[in-house]
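Structure, as structure tokens:
Note on naming: letters A, B, ... go to the chains in the order of the sequence lines (proteins, then strands), and numbering restarts at 1 for each one.
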2 protein chains.
Amino acid sequence: MEILLKNELFKGLSLDDINKVIEEVEGIIKIFHKNEVIITPKEKIKVFGIVLSGSVMGVHNDYWGHRTILKILEENELFGEAFSFSQLDNTGISIVCNKEAKVLLINFEKLLEIDNRKIIQNMMMILASKNVFLTRKMEYLSKRSIKDKLLSYLSDEAMNNKSNKFYIPYNRQELADFLGVDRSALSSELSKLKAEGILNFNKNYFELL
Amino acid sequence: MEILLKNELFKGLSLDDINKVIEEVEGIIKIFHKNEVIITPKEKIKVFGIVLSGSVMGVHNDYWGHRTILKILEENELFGEAFSFSQLDNTGISIVCNKEAKVLLINFEKLLEIDNRKIIQNMMMILASKNVFLTRKMEYLSKRSIKDKLLSYLSDEAMNNKSNKFYIPYNRQELADFLGVDRSALSSELSKLKAEGILNFNKNYFELL
DNA sequence: CCATCCTTGTTGTAAATACAACTGTATTAT
DNA sequence: ATAATACAGTTGTATTTACAACAAGGATGG
């Protein structure tokens, strides 16, 4: 469980403290397989999760079967915390396993009860940076063309990776659902950008030129 | 300042407590006029704000002069809190006065220092519900057509107002910039929906049928 | 090793959108 | 009261996109 030492939620705590906290909040570890639903969109959630290995994704499926991917969540990322705090009966969002995942599930009410200022403050910081992420993503989505959506997303990724060469966690269909566009239109836009010498890519490896 | 008694941040505190807190965090009140910039996109912000009267908006202007409106913030809403916590040098977001506004500005570092569990917990809840709002908004933006973006936004507003008749805080250009679409295309889509008997509207008053 | 499934790119077409230009009507300022 | 400005709707056109159908590799599983 040394992974958790690097987790934002437990920043500043010792391994002993972390173990104590996890006991107090009734943390349990579960394993999920690809496409298994971890949280359904119609439940009032009492828990949030931490990805220990593998990956999961936040997904919204609308009436017409369109899928929107909010984000793919990888090692040490949290999911469901905002919705569990909000106490909504119906979130509209599913959490689905994307790649064989080990997940730590935590009861949020118990977390609020524990008397550890550091944890609460850490949680606040996590919520704040998720806010910043969502705001960033809205900037991509607000762009008027697929090309602009794609380039603003990719240049943000380059920034995050501090390199113009990087891997993204999405395949084509997932990237299309993440950016809210049609897959084939995205593919052809990618080909066009490659032909123009603006970028290079192979599968989920990208290079901005 | 009884407005603040209804504010989410001070929920559960008495008026005396609130006054004490505001002193501790060096809260100052400022007045802004329409189109005045309250927070510029290139500064590292040390403060966040509470709208006491009037309204402000979170705005992103891109390289080509396209404006994206994140949200119009009205009485008792907070702005800038996520970005001030995140400590970014460059947020890319401006806060601009939308309608003659009185604003309470608070130093976020001082807020973190004060020893009041309730305030920190309230702030966490505020961040969580902003998260939920942003997630909702992503659902609108991910829709493939103007019609769907519009209808998902309007039906959410109807839900929030618990009525199929309601006012929105946006004029046409602002609504277009909020939904990331062209104003004239939005206008003609609205007319079409009115002709189809799906909705009725007059200026910023809407009725879902 | 073969069959099946999954992923990605391609193409054509119909539909939707952005953009620009213009009109009429409120709203504001002088 | 009048001019100036802001706002909302309309229309036409060029561009962009969604959608559907298909083909070529790759990966996967028995």
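- C:dT8 atom P lies 17 Å from atom OH of A:Tyr205, rounded to whole Å.
- In this structure, B:Lys194 atom NZ and D:dG9 atom C1' are separated by 10 Å, rounded to whole Å.
- Between the P atom of D:dT28 and the NE2 atom of A:His33 lies a distance of 17 Å, rounded to the nearest Å.
- Note that A:Lys137 lies outside the cation-pi zone of A:Tyr153, set by a 6.0 Å cut-off to the ring centre and a 45° limit from the axis.
- Here the closest non-hydrogen pair linking B:Ile69 and B:Tyr170 is CG2-CE2, 4.1 Å.
- We find that NZ of B:Lys203 is positioned 8 Å from C1' of D:dC7, with the value rounded to whole Å.
- Between B:Val181 and A:Ser191, it is A:Ser191 whose nearest contact on DNA chain C lies nearer the 5' terminus.
- The distance between atom CG of B:Leu141 and atom P of D:dT17, rounded to the nearest whole Å, is 16 Å.
- Candidate nucleotides D:dG26, D:dG9, C:dA18 were compared by shortest atom distance to the side chain of B:Ile146, and C:dA18 ranks first.
- Around atom CD of A:Glu196, more than 12 heavy atoms belonging to other residues, nucleotides or ligands sit under 6.0 Å away.
- Contact check, B:Arg172 against D:dG9: a side-chain N or O comes under 4.0 Å of OP1 or OP2.
- Ring centroids of B:Phe85 and B:Phe108 are separated by less than 6.0 Å, placing the two rings close together.
- The side chain of A:Phe201 has C:dG9 as its nearest neighbour among D:dA18, C:dG9, D:dT16.
- Going from atom CD of B:Gln173 over to atom P of C:dA18 covers 12 Å, rounded to whole Å.
- The nearest heavy atom of DNA chain D to B:Glu174 and to A:Lys192 marks one nucleotide each, and the one closer to the 5' end goes with B:Glu174.
- Using a 4.5 Å cut-off on side-chain heavy atoms (C-beta onward), A:Lys71 and A:Glu77 make contact.
- Residue contacts for B:Asp182: at a heavy-atom cut-off of 4.0 Å it reaches a base atom on one of the strands shown.
- The stretch residues 183-190 of chain B touches DNA chain D through B:Arg183, B:Ser184, B:Ser187, each having a heavy atom within less than 4.0 Å of the strand.
- In this structure, the CG atom of B:Asp177 is 15 Å from the C1' atom of D:dA6, given to the nearest Å.
- Taking atom CG of A:Leu179 as the reference point, atom P of D:dT17 lies 12 Å away to the nearest angstrom.
- No hydrogens or angles considered: nothing links the side chains of A:Glu23 and A:Asn19 as a donor-acceptor pair under 3.5 Å.
- Proximity of the aromatic rings of B:Tyr205 and B:Phe166 is defined here by a centroid distance below 6.0 angstrom, and this criterion is not met.
- Counting any heavy atom pair closer than 4.0 Å across all strands shown, B:Lys147 reaches no nucleic acid atom.
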